[in-house]
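Everything below concerns the one structure shown next.
Keep in mind that this is a model prediction, so the values were computed, not measured.
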Amino acid sequence: QVQLVESGGGLVQAGGSLRLSCAASGRTFSSSVMAWFRQAPGKEREFVSAISRSGGSTRYADSVKGRFTISRDNAKNTVFLQMNGLKPEDTAIYYCAGSPVGTIWSIVEYDVWGQGTQVTVSS
């Protein structure tokens with residue numbers, strides 16, 4: 001079973017940047033679609049971004065489009081989320097997730113999740 005461990009969260013001022021990382025171990029990382037989700041206090045978990053197995057296709061939530069960039073390094077079994085222009089409303093726990101089936105547009109449920117990393121953006 002694959003395991004996911006997120007890192008890179010922290011406290012940043014509005015307008016700042018953070019780079020999240022998600023390291024995978026277990027089954028072949030390169031065979032999984034990878035994604036980032038987030039959950040703010042009192043809100044449901046929401047989709048942020050996803051990346052195809054090769055890294056050639058990406059998908060973003062409208063709320064982060066143009067500010068966040070997802071990427072992956074299959075040689076290092078790691079997926080990244082570069083977050084620029086951070087806003088207080090980006091404050092949330094960010095989760096990495098993976099799925100061995102489907103595409104970045106068709107996956108309904110991801111089967112593997114990390115424990116999350118806290119991102120706090122101050123105004």
Worksheet entry | Where L4 and A24 come nearest, the two heavy atoms and their spacing | CD2-CB, 3.6 Å
Discussion item. By the definition side-chain contact (heavy atoms from CB on, under 4.5 Å), identify the one residue from V48, L20, V64, V79 that meets it with I70.
Written reply: V79
Item to complete: Check P88 against S123 and note the closest heavy-atom contact, atom names and distance.
Response: CG-CB, 3.8 Å
Worksheet item: Can you name the closest pair of heavy atoms from D73 and F29 and give their distance?
Response: O-CE2, 4.1 Å
Discussion item. Looking at every non-hydrogen atom in both residues, tell me the closest pair between M34 and G98 and how far apart they are.
Written reply: SD-CA, 3.7 Å
Item to complete: Report yes if some heavy atom in the side chain of V12 is under 4.5 Å from a heavy atom in the side chain of M83; otherwise report no.
Response: no
Practice prompt. Could you check L18, N84, D90 and say which one makes a side-chain contact (heavy atoms from CB on, under 4.5 Å) with F68?
Written response: D90
Worksheet item: Do side-chain atoms of E6 reach the backbone of Q115 as a donor and acceptor pair under 3.5 angstrom?
Response: yes
Worksheet item: Checking side-chain contact (heavy atoms from CB on, under 4.5 Å) for the pair V112/Q3: CA distance, chi angles, key distance, verdict?
Response: CA-CA 7 Å; V112 181; Q3 293 181 330; over 6 Å; no
Discussion item. Please give me the minimum heavy-atom distance between Y94 and L81, naming the atom from each residue.
Written reply: CD2-CD2, 4.2 Å
Item to complete: Quick one: pull up OG1 in T91 and CD in Q118 and give me the separation to the nearest 0.5 Å.
Response: 7.5 Å
Worksheet item: Who else is in W113's hydrophobic cluster (ILVMFWY, side-chain heavy atoms under 4.5 Å, direct or via others)?
Response: V33, F37, F47, I93, Y95, I104, W105, I107, Y110
Worksheet entry | Selection residues 41-62 - residue pairs positive for side-chain hydrogen bond (donor to acceptor under 3.5 Å, both in side chains), sequence neighbours left out | R38-E46, D62-K65
Discussion item. Using side-chain contact (heavy atoms from CB on, under 4.5 Å), reason through R72 and N74 one step at a time and then give a plain yes or no.
Written reply: CA-CA 6 Å; R72 66 190 296 162; N74 286 343; 2.8 Å; yes
